[in-house]
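Here the structure is laid out as structure tokens; the discussion comes afterwards.
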Protein chains: 2
Amino acid sequence: MARTQGSHSDITGPRIDAAALRLFAQFGFAAVSMRQIAGEVGVQAGALYNYTPDKQTLLFRLMRGHMEELLAARAARDAPEADPLDRLRDFVRFHIRFHLERPDEVFIAYMELRNLSEENFAAIEALRRRYEDGLEAILRQGVAAGRFTVPDPKIATLAVIAMLNGVNTWYRSGGRLTLAEVETIYWDMVRKAVAA
Amino acid sequence: MARTQGSHSDITGPRIDAAALRLFAQFGFAAVSMRQIAGEVGVQAGALYNYTPDKQTLLFRLMRGHMEELLAARAARDAPEADPLDRLRDFVRFHIRFHLERPDEVFIAYMELRNLSEENFAAIEALRRRYEDGLEAILRQGVAAGRFTVPDPKIATLAVIAMLNGVNTWYRSGGRLTLAEVETIYWDMVRKAVAA
DNA sequence: GTCTATAAAACGATAGAC
DNA sequence: GTCTATCGTTTTATAGAC
């Protein structure tokens, strides 16, 4: 499997990201060596340092890429002028689907925060807070319109997201429930939990 | 800080557990060395092997101890003949309080599962499932009595526990909300989410 | 851009003295 | 039960050839 010498910048970079993502999710950041990543890509360990200054920055770039993709996808869907109930339903469906499609990214983004440097941690947390603020705005809009009853919108935001994140821990494609059924069940619980 | 030679079996054991718990929670199992744990206890690394055959078994014993304590505490409180609404409220309050009192244990029990051997993993998962079954039984009792409307009790169980677990990620003693307020807010959401 | 080779340090676990 | 000492490996990261 040893690769011959030569330049492969355009394809090696994405392959490193993909290998690191999978291995970090499976074994954990600290338990994965640069040699393991290189082996999966088919290069020697030293070659990885043409693409990242160090191991931790590689992790950070993966997490930041995931969070930015999440924010962009959400922004492209949300309709701030729509009915709060419709917005909330769309959020629930979007969140479940987006996260189920990216189990490795989600796992890493929640489990490996402690392996980031202080400033990289702050950057990821800021992106996460921006995403949470999107849901909180929906809840506040619903409360202001008398459609929702939520004693504390900030806590309700965190509660809803935690509940939806839980889907990733048990859902398996081809299992007892279809994705559409899962979306319906969770939407039903969220809708009732915040109902006026 | 070097300790003199001598026998300290009765106190060293618990101190190893406490140090390992704290360090695993803070840095992750794979990122913590046996030397680090020993240093925190005040012994040499080799002495740890009087208390555990290897590092992974140390992790397993911590996780198993936590899960068994959880099950025992829950069993001591639950009243299977009580009203399902009362049982559910007690579950919510118990779960939040028990987990907030043990942030390190909870963090490890959820984050370090992949560092267990196959059989140790199965043992922990069995204990966790027993705990989940307790909540599921309450939901089924409420559904049977016409007090709850839950399309899928198994999923609702996982959703409620995921939501409650989320408290550990943000709650800080002395913060904006008291523990009692948190319990009330979450109970309100859970109650509504499963309401008939 | 990738290779080989290596530096410098840390790892889990064990042996044997006390 | 704890110590010192160490074995055999593995680690991240770098240097220099190609």
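Values below: all heavy atoms of this structure, side chains included; hydrogens, waters and symmetry mates excluded. Since the model is a prediction, treat every value here as computed from it, not as a measurement.
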- Query: Between A/R176 and A/Y171, is NZ or CZ placed under 6.0 angstrom from the six-membered ring centre and within 45° of the ring axis?
  - Reply: no
- Task: Looking only at non-hydrogen atoms, find the nearest pair between B/D54 and B/Y49 and report the distance.
- Result: CA-CE2, 4.1 Å
- Item | Shortest non-hydrogen separation from A/E132 to A/K154 and the atoms involved |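 Minimum heavy-atom separation between A/E132 and A/K154: OE1-NZ, 3.8 Å.
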- D/dT10 phosphate, OP1 or OP2: any side-chain N/O from A/S33 under 4.0 angstrom?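 Result: no.
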- Message: Check the phosphate of D/dT2 against B/T12, side-chain N and O only, distance under 4.0 Å to OP1 or OP2. Yes or no?
- Response: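 For B/T12, the contact criterion (side-chain N or O under 4.0 Å from OP1 or OP2 of D/dT2) is met.
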- Task: Go through the structure and list residues passing ring pair (Phe, Tyr, Trp, His ring centres under 6.0 Å) with A/F94, not counting sequence neighbours.
- Result: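 For A/F94 the ring pair (Phe, Tyr, Trp, His ring centres under 6.0 Å) partners, ignoring immediate neighbours, are A/F98.
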Every protein N/O lying under 3.5 Å from an N/O of nucleotides 13-16 of chain D:
residue, atom, partner, partner atom, Å
D/dA13, OP2, A/Y49, OH, 3.0
D/dA13, OP2, A/K55, N, 3.1

Measure from [atom1] on [X] to [atom2] on [N] and round the result to the nearest Å.
{"X": "A/Q44", "N": "C/dT6", "atom1": "CD", "atom2": "P", "answer": "14 Å"}
{"X": "B/F24", "N": "C/dG12", "atom1": "CZ", "atom2": "C1'", "answer": "12 Å"}
{"X": "B/R15", "N": "D/dG1", "atom1": "CZ", "atom2": "P", "answer": "16 Å"}
{"X": "B/I37", "N": "C/dA10", "atom1": "CD1", "atom2": "P", "answer": "17 Å"}
{"X": "B/N50", "N": "D/dC3", "atom1": "CG", "atom2": "P", "answer": "10 Å"}

- Report yes if some heavy atom in the side chain of B/T149 is under 4.5 Å from a heavy atom in the side chain of B/V143; otherwise report no. no
- Task: Hey, could you give me each pair passing side-chain hydrogen bond (donor to acceptor under 3.5 Å, both in side chains) that has a residue in residues 58-68 of chain B? Not counting sequence neighbours.
- Result: B/D17-B/R61
